[in-house]
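Read the numbers this way: they start at 1 and go in the same order the structure lists the ligands and their atoms.
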Amino acid sequence: MGSVVDAANKEATESAHINKKVTVVFVLGGPGSGKGTQCANIVKHFGYTHLSAGDLLRAEQNSGSENGAMIKNVIKEGRIVPSEVTVKLLQRAMEQSANDKFLIDGFPRNQENRAAQENRAAFESVIGIEPEFVLFFDCSEEEMQKRILNRNQGREDDNMETIRKRFRTYIESSLPVIEYYNSKGKVRKIDATKPVEEVFEAVKDVFAPLNDKVAY
Ligand code: UDP
Ligand code: MG
């Protein structure tokens, strides 16, 4: 019931601009490089809101959305969901948050994602924002594989067959995005093969100078 009002609200939400000034940091790195773990630390210390594109897609898949089957299949195959789906989810999450500082984890993952987030005509001001910088977790494939196989989160893509495909997608599609931002001087590279605490020390050095309310 109330479907007309619901539809109107949905429309308003989807077409709304973000009319606050937001800071966005992209967090990139291979599967199992520690993006999610370190984002949780950054949230605690520096007051950002963590938006994992992968988590948003999994939630969308489980919500019974019309895109559910497509998302499930793409994730299983280690490929990349089309931008229009992912961007909408990120946009909605940013609009629904009261915060103005966001860590966008695992996006943009290919040049199509990146170009879409730069396309102001298509995506208005929300994802069209240039990232403040790109936090890049550089980790050996051997270490990433070990972490994924040990994490036991019940994910359908954490099996050897899909892991191989994800590594391939990362090298072929995601590394060029990191190279693009590197050529613009935006990449802050972290040695992510080290233990969690040591990695976070390096992460803090990146965030602390920007932060007015340092809390550590
Ligand atoms: N994914 C995607 N677009 C995104 C983020 C994730 O298509 O913007 C899909 C992709 O198939 C990826 C999977 O979701 O392999 C899991 O992503 P997540 O970031 O959760 O995995 P991680 O790299 O952190 O292990
Ligand atoms: Mg993750």
J.: Would you check, one step at a time, whether the test salt bridge (charged side-chain N to carboxylate O under 4.0 Å, His left out) holds for R166 with D157?
T.: CA-CA 9 Å; R166 289 159 74 195; D157 57 346; 3.7 Å; yes
J.: Mind checking what makes salt bridge (Lys or Arg N to Asp or Glu O under 4.0 Å) contact with R147, not counting sequence neighbours?
T.: E143
J.: If you count the non-hydrogen atoms of other residues, nucleotides and ligands that lie under 6.0 Å from CD in E198, is the total more than 12?
T.: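 Yes, CD of E198 has more than 12 neighbouring heavy atoms, counting only those of other groups under 6.0 Å.
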J.: Would you check, one step at a time, whether the test side chain to side chain donor-acceptor pair (under 3.5 Å) holds for Q61 with R58?
T.: CA-CA 5 Å; Q61 181 199 311; R58 282 184 285 273; over 6 Å; no
J.: Begin with the C-alpha distance, continue with both residues' side-chain angles, and end with the deciding distance and a verdict on side chain to side chain donor-acceptor pair (under 3.5 Å) for E132 and T23.
T.: CA-CA 6 Å; E132 200 70 17; T23 301; 4.6 Å; no
J.: Around ligand 1, what residues show up once you keep those with a heavy atom under 4.0 Å from it?
T.: P31, G32, K35, A53, G54, L57, R58, V74, I75, R79, I80, V81, T86, G106, F107, R109, R151, R155, D157, R166
J.: Cation-pi between K189 and F136: NZ/CZ under 6.0 Å from ring centre and within 45° of the ring axis?
T.: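 No, K189 does not sit over the ring of F136.
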